[in-house]
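This report concerns only the one structure given below.
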Amino acid sequence: MSALFNFHSFLTVILLGICACTYFKMQFPAILEQRTGFRGFFWKAARIGERLSPWVSVGCFMMGVSIIFF
């Protein structure tokens, strides 16, 4: 089943995308400077990762536990 039709996989992809965008923004800030257009989506994901960092990390931890055990 694809990640778009399985809610568990969809959440995993969203969390990994947020974490990846936040990491790339911290390492290479010039890549995600543009706030509009196609790269604006990734800028917004990085902003979510920066501002909601404790919640995103708890979500990643819980998602990892659920993938391992369920």
Side-chain angles (χ1 to χ4, degrees):
M1 200 180 245
S2 108
L4 294 177
F5 300 117
N6 186 355
F7 187 68
H8 188 266
S9 298
F10 179 70
L11 286 178
T12 304
V13 169
I14 293 297
L15 280 172
L16 287 174
I18 289 171
C19 292
C21 288
T22 305
Y23 174 77
F24 283 127
K25 187 170 183 195
M26 293 297 152
Q27 296 297 321
F28 311 105
I31 292 175
L32 294 176
E33 281 183 357
Q34 187 177 3
R35 296 181 183 182
T36 59
F38 182 69
R39 287 193 288 177
F41 174 76
F42 299 112
W43 178 85
K44 289 175 187 176
R47 179 64 68 179
I48 290 170
E50 290 171 352
R51 295 209 174 162
L52 298 175
S53 180
W55 293 103
V56 171
S57 63
V58 167
C60 287
F61 179 76
M62 295 302 291
M63 190 63 64
V65 168
S66 70
I67 287 173
I68 291 173
F69 292 115
F70 301 110

How close do [X] and [Y] get, counting heavy atoms only, and between which atoms?
X   : Y   : value
T22 : G49 : OG1-CA, 3.2 Å
A46 : L32 : CB-CD1, 4.1 Å
P54 : S57 : O-OG, 2.8 Å
W43 : Q34 : CB-O, 3.8 Å

Apart from M62 itself, residues in the same hydrophobic cluster as defined by side-chain heavy atoms under 4.5 Å:
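Via sub-4.5 Å side-chain contacts, M62 links to V58, F61, V65, I68, F69, F70.
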hydrophobic_cluster_shared for [Y] and [X], side chain cutoff 4.5 Å:
X   : Y   : result
Y23 : I48 : no
F41 : I14 : no
V13 : F42 : no
L16 : M26 : no

Check for a donor-acceptor pair, side chain of R39 on one end and backbone N or O of I31 on the other, with a separation under 3.5 Å.
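Side chain of R39 to backbone of I31, a donor-acceptor pair under 3.5 Å: yes, one is there.
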Keeping the roles fixed (side chain from S53, backbone from E50), state whether a donor-acceptor pair exists under 3.5 Å.
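No, the answer is negative, given that no donor and acceptor are paired below the 3.5 Å cut-off.
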State the CD1-SG distance between I67 and C60, to the nearest 0.5 angstrom.
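SG of C60 is found 9.5 Å from CD1 of I67.
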To the nearest 0.5 angstrom, please state how far the OG1 atom of T12 sits from the CE atom of M63.
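Interatomic distance, T12 OG1 to M63 CE, rounded to 0.5 Å: 4.0 Å.
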